[in-house]
Amino acid sequence: MSIAIYPGSFDPLTMGHVDIIHRGSRLFEKIVIAVLINADKSPLFTVQERVEVAREVFRDRANVEVDTFDGLLVDYARRRQASVIVRGLRAVSDFEYEMQMALMNRRLNQEVETVFMMPAEPYTYVSSRLVKEVVSLGGNVKGIVPDMVERRLREKKLARETLRA
Ligand code: PNS
């Protein structure tokens with residue numbers, strides 16, 4: 001069985017991620033969305049919230065699984081018996097970081113291959129970082145994140161404003 005891991009922070013899940021996962025789910029027998037547990041960062045959504053969102057968005061895709069991981073990605077891939085790591089490539093600006101990660105992961109484990117996929121054109125400029133910035137400044141992100149994420153972003157913003165008031 002060809003199992004692929006799609007790792008990331010997903011803080012939050014964007015339509016760019018969703019697009020890549022749909023493409024991956026057509027290529028591989030199973031694709032595992034692996035949410036990084038990273039205690040160093042200060043994320044907007046907790047890991048649990050990010051897992052909940054991804055599970056809800058992909059509830060009708062039988063071959064999409066949502067999980068969490070920490071430690072080395074290649075160790076997680078080995079534990080899950082996955083032979084592929086999927087990463088999205090949006091623009092040339094992504095390339096350097098992605099190439100470094102892919103080659104480091106290859107050095108760590110020759111058995112796991114990184115496969116890059118390009119999202120649909122309308123999502124090539126979309127990133128979780130920009131989504132958070134736009135929402136925090138009162139902008140609209142409808143259409144570039146799943147509806148559920150958009151709703152949760154608005155709720156978070158409201159909760160933060162209420163706390164500050
Ligand atoms: O969505 P992101 O934040 O760009 O994803 C980065 C991620 C999770 C793929 C990367 O940070 C990662 O794989 N972290 C796990 C630790 C690890 O294996 N580091 C060495 C990779 S070269």
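Ligands are counted one by one from 1 in listed order, and the atoms in each one are counted from 1 as well.
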Undergrad: Does CD in Glu161 sit with more than 12 non-hydrogen atoms of other residues, nucleotides or ligands closer than 6.0 Å?
TA: yes

Undergrad: Determine whether a donor-acceptor pair (N or O, by modelled atom type, separation under 3.5 Å) exists between the side chain of Glu29 and the backbone of Ser2.
TA: yes

Undergrad: Determine yes or no for a side-chain-to-main-chain donor-acceptor pair under 3.5 angstrom, with Glu49 supplying the side chain and Thr46 the backbone.
TA: yes

Undergrad: Assess the pair Phe58 and His22: is the distance between their ring centroids shorter than 6.0 Å?
TA: yes

Undergrad: Any idea which part of Phe69 is under 4.0 Å from ligand 1, heavy-atom wise: side chain, backbone, both or neither?
TA: side chain

Undergrad: Tell me whether Leu73 has any N or O atom under 3.5 angstrom from an N or O of ligand 1.
TA: yes

Undergrad: Could you verify whether a donor N or O on one side chain and an acceptor N or O on the other, from Tyr76 and Asp67, lie under 3.5 Å apart?
TA: yes

Undergrad: Is there a nitrogen or oxygen of Ser9 sitting under 3.5 Å from a nitrogen or oxygen of ligand 1?
TA: yes

Undergrad: Keeping the roles fixed (side chain from Asp94, backbone from Arg90), state whether a donor-acceptor pair exists under 3.5 Å.
TA: yes

Undergrad: Would you tell me which option among Met104, Arg87, His17 has the nearest heavy-atom contact to atom 4 (O) of ligand 1?
TA: Arg87

Undergrad: Check if Gly71 has a non-hydrogen atom at a distance under 4.0 Å from any atom of ligand 1.
TA: yes

Undergrad: Could you list the atoms of ligand 1 found under 4.0 angstrom from a heavy atom of Asn105?
TA: 21 (C), 22 (S)

Undergrad: Show which atoms of ligand 1 fall inside a sub-4.0 Å distance from at least one heavy-atom site of Leu72.
TA: 17 (C), 18 (O)

Undergrad: Is a side-chain donor or acceptor of Ser128 paired with a backbone partner of Pro12 at a separation under 3.5 angstrom?
TA: yes

Undergrad: Does the N or O separation between Gln100 and ligand 1 drop below 3.5 Å for any pair?
TA: no

Undergrad: Taking Asp11 for the side chain and Arg50 for the main chain, is one N or O donor matched with an acceptor at less than 3.5 Å?
TA: no

Undergrad: Is Tyr97 in contact with ligand 1, taking contact as a heavy-atom separation below 4.0 Å?
TA: yes

Undergrad: Of the protein's non-hydrogen atoms, which lies at the shortest distance from atom 14 (N) of ligand 1, and what is that distance?
TA: Leu36 CD1, 4.1 Å

Undergrad: May I ask you to identify the nearest protein heavy atom to atom 10 (C) of ligand 1, giving residue, atom name and distance to one decimal place in Å?
TA: Met101 SD, 3.8 Å

